Structures are given as C-alpha cells and as structure tokens.
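Everything on this sheet refers to the single structure shown next.
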Amino acid sequence: MISPQAIQGIGMTSQRTRDRLVEQLQTRGIRNEAVLKVISKVPRHLFVDEALAHRAYENTALPIGHGQTISQPYIVARMTELLLAGERPLDKVLEVGTGSGYQAAVLGAFSTRLYTVERIEPLYRQARKLLRDLGYRNIQASLSDGTWGLPAQAPFDGILVTAAPQDIPAALLEQLAEGARLVIPVGTPQELRVVTALKDGHFRHETIEPVQFVPLLSDPIIHKTTNRSI
Ligand code: SAH
C-alpha cells in the first residue's frame with residue numbers, strides 16, 4: 001500500500017511545488033480550472049522512477065523505461081481539456097497508451113469509466129498496480145494493441161491517444177459515439193488533432209498545435225492472443 005505521506009510528498013514533491021507547476025500551465029494557456037485542480041492533486045512523482053521524483057513537477061516529459069516517456073504535464077492538461085470540451089458527458093472513455101498511467105489518473109477524474117490500453121506488458125502491469133494502489137477504481141487497464149481500439153467496450157464518449165500514428169486508425173473513428181471526440185497526435189511532423197464524430201459517418205477534423213509523442217506501434221498478435229483486463 002502507499003502511505004498518505006508518500007502521496008502527499010515533501011520538498012520537491014510537495015503541494016507547493018505542484019502549485020508552481022499549475023501556475024506554469026496557466027501561463028501556457030490552460031484555462032480549465034477543474035483540470036488544473038486535478039493536476040495539482042494527482043501525485044505525478046509516484047508515476048516516475050524514484051530517482052526522477054524530484055523532477056516530477058517540472059513541465060517536461062520524463063523517461064519511464066522501455067524507450068517510452070510520461071507526457072509533459074502541459075500536454076496532459078491540454079488533451080484532457082480538449083476532450084472535456086466535447087458535447088458528450090464522458091461516461092465511457094478510452095485512452096490508448098497507458099505508459100505510466102499518469103494521463104489515465106488525470107482523465108479518470110473526469111470519466112465515469114475509463115479504459116486504458118498498453119502494448120508493453122511490464123508498463124501495463126506496473127501502471128495497473130499503481131492505479132489500483134492509489135484507489136482509482138473506475139480505471140480498467142488492458143494489455144492490448146490500441147490500434148484496434150477496444151471493440152468490446154465501444155462506442156466511447158471520448159478517445160484520447162498518447163502515441164502518434166502516421167494516419168488515424170479507422171477502428172478509433174468507428175468506435176466514437178455520435179458527437180464524441182478523438183484527441184490524437186498524428187503525422188510527420190506531428191500535430192495534435194481533434195476529430196469529432198458527426199451524423200451519418202462524417203467527421204470534423206481540427207488541428208490544434210505541433211506536438212512530440214512516441215510512435216503508435218501495431219502488433220496484431222498481442223491483440224488477438226493476450227488481451228487481458230484487470
Ligand atoms: N499516457 C502515458 C504516455 C506514455 S507514452 C503516460 O501518461 O505516461 C505512450 C505509450 O503508448 C507507451 O507506453 C507505448 O508503449 C504505448 N503504445 C504505443 N503504441 C501502442 C499501441 N498500438 N497500443 C497500445 N499502446 C501503445
């Protein structure tokens with residue numbers, strides 16, 4: 001179990017340090033107060049290696065092993081804000097790319113049920129355990145290739161992807177409920193895009209800003225044989 005003191009943090013992981021991060025995010029244009037509040041509460045220092053905990057409240061991406069990174073707090077806030085700006089209440093939401101589980105913890109605060117999928121087994125296991133230990137009971141993690149979405153739980157009121165494909169996977173578009181949004185980094189150079197599902201299979205695409213994510217990799221074997229859930 002994780003002690004309340006460990007969650008609360010001290011010094012470079014204390015509330016004061018987190019509040020400074022929130023001020024930086026405000027300066028960079030994050031306006032959604034509820035998102036800022038959640039960012040100030042979620043203990044990002046527990047989602048990174050202990051040796052990097054003192055840097056957890058800097059506005060930077062950090063390595064989480066296996067060549068992957070925990071996203072920069074600014075981009076976590078921005079993507080969450082963009083998903084929340086959609087017209088549908090976020091009852092059922094999908095995140096592709098669990099990684100450390102940090103974005104899931106933030107997004108979980110705004111979703112009735114959040115499904116998150118990861119293709120690297122050790123990352124999936126570690127994030128699942130941490131999210132459980134921290135008591136995020138509405139988050140369900142699976143070892144799965146998110147290129148295929150999560151057909152068993154579709155349609156979703158929102159989908160957030162934290163790894164970048166060259167083109168938007170068709171399955172993700174198909175699994176959006178009418179009026180739902182997909183927030184996804186895409187292309188070369190990468191840009192953050194918001195896609196809204198309109199009536200009759202039409203979509204509206206909006207380009208937000210340049211971004212830098214690890215690539216979305218596809219492996220159909222994992223999808224077919226070892227899809228598991230907590
Ligand atoms: N949301 C994460 C960011 C992790 S980086 C966080 O807050 O820490 C992106 C993650 O996407 C990596 O862990 C990578 O393994 C994962 N990923 C890449 N391609 C994937 C795919 N096809 N399906 C599921 N996860 C994928």
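Residues take their numbers from the sequence shown, with the count starting at 1. In this text, all values refer to a predicted model and were calculated from it rather than measured experimentally. Just follow the structure's listing: the first ligand is 1, and inside any ligand the first atom is 1.
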Look up atom CG in Leu84 and atom CG in Leu107, then write down how far apart they are to the nearest 0.5 Å.
7.5 Å
Short list, please: which atoms of ligand 1 are under 4.0 Å from a heavy atom of Leu123?
13 (O)
The closest protein heavy-atom partner of atom 12 (C) of ligand 1 is Gln68 OE1, 3.2 Å
Starting from atom 5 (S) of ligand 1, find the nearest protein heavy-atom neighbour and note its residue, name and distance.
Thr69 O, 3.1 Å
Using a strict 4.0 Å cut-off to heavy atoms of Ser144, name the atoms of ligand 1 that fall inside it.
23 (N), 24 (C)
So which protein heavy atom does atom 23 (N) of ligand 1 come closest to, and at what separation?
Gly146 N, 2.8 Å
Please state which part of Pro215 comes within less than 4.0 Å of ligand 1, counting heavy atoms only: side chain, backbone, both or neither.
backbone
Could you list the atoms of ligand 1 found under 4.0 angstrom from a heavy atom of Ile70?
8 (O)
Apply the test salt bridge (Lys or Arg N to Asp or Glu O under 4.0 Å) to residues Glu87 and Arg181: give CA-CA distance (whole Å), side-chain angles for both, the deciding distance (0.1 Å), then the verdict.
CA-CA 9 Å; Glu87 64 183 49; Arg181 290 182 147 202; over 6 Å; no
Ignoring hydrogens, just give me the one of Gln103, Glu95, Glu121, Glu118 whose non-hydrogen atom is nearest atom 15 (O) of ligand 1.
Glu118
Atom 20 (C) of ligand 1: of Met79, His66, Arg119, the nearest heavy atom sits on Arg119
Closest protein heavy atom (residue, atom, distance) for atom 11 (O) of ligand 1
Gly97 CA, 3.2 Å
Evaluate salt bridge (Lys or Arg N to Asp or Glu O under 4.0 Å) for Glu178 paired with Lys199, printing each intermediate quantity in order.
CA-CA 6 Å; Glu178 196 178 303; Lys199 273 192 179 23; 3.5 Å; yes
For atom 9 (C) of ligand 1, what is the closest protein heavy atom, and at what distance to 0.1 Å?
Thr162 O, 3.3 Å
Contact atoms of ligand 1, heavy-atom distance to Thr98 under 4.0 Å
1 (N), 2 (C), 6 (C), 8 (O)
With sequence neighbours excluded, residues passing salt bridge (Lys or Arg N to Asp or Glu O under 4.0 Å) with Asp49
none
What do we get for Ile120 next to ligand 1 when only non-hydrogen atoms under 4.0 Å count, side chain, backbone, both or neither?
side chain
Going by the closest heavy atom to atom 8 (O) of ligand 1, which one wins out of Gly99, Ser100, Gly67?
Ser100
With no hydrogens and no angle check, just 3.5 Å: does a side-chain donor-acceptor pair link Gln103 and Ser71?
no
Considering only heavy atoms of Ala163, which atoms of ligand 1 have at least one such atom less than 4.0 Å away?
11 (O), 18 (C)
Is the number of heavy atoms from other residues, nucleotides or ligands under 6.0 Å of Leu217 CG greater than 12?
yes
Give the atom numbers and elements of ligand 1 that come within less than 4.0 Å of a heavy atom of Asp145.
21 (C), 22 (N), 23 (N)
Which protein heavy atom lies closest to atom 19 (N) of ligand 1, and at what distance to 0.1 Å?
Leu217 N, 3.0 Å
Going by atom types alone, do Glu118 and Thr98 pair a side-chain donor with an acceptor below 3.5 Å?
no
Closest non-hydrogen atom pair between Glu58 and Leu21, with its separation:
C-CD1, 4.3 Å
Any donor-acceptor pair under 3.5 Å linking the side-chain atoms of Thr60 with those of Gln72?
no
Closer than 4.0 angstrom: is that true for some heavy atom of Ala127 and an atom of ligand 1?
no
Could you name each residue pair satisfying ring-ring contact (aromatic ring centres under 6.0 Å, His included) that touches residues 77-115, not counting sequence neighbours?
Phe47-Tyr102
N-O pairing of Arg31 and Glu81 below 4.0 Å:
no
Can you sort out which atoms of ligand 1 are near Thr147, meaning under 4.0 Å from one of its heavy atoms?
22 (N)
Taking only heavy atoms of Val214, which atoms of ligand 1 are found under 4.0 Å from at least one of them?
5 (S), 9 (C)
Answer yes or no: does atom CD of Gln26 have more than 12 heavy-atom neighbours from other residues, nucleotides or ligands under 6.0 Å?
yes
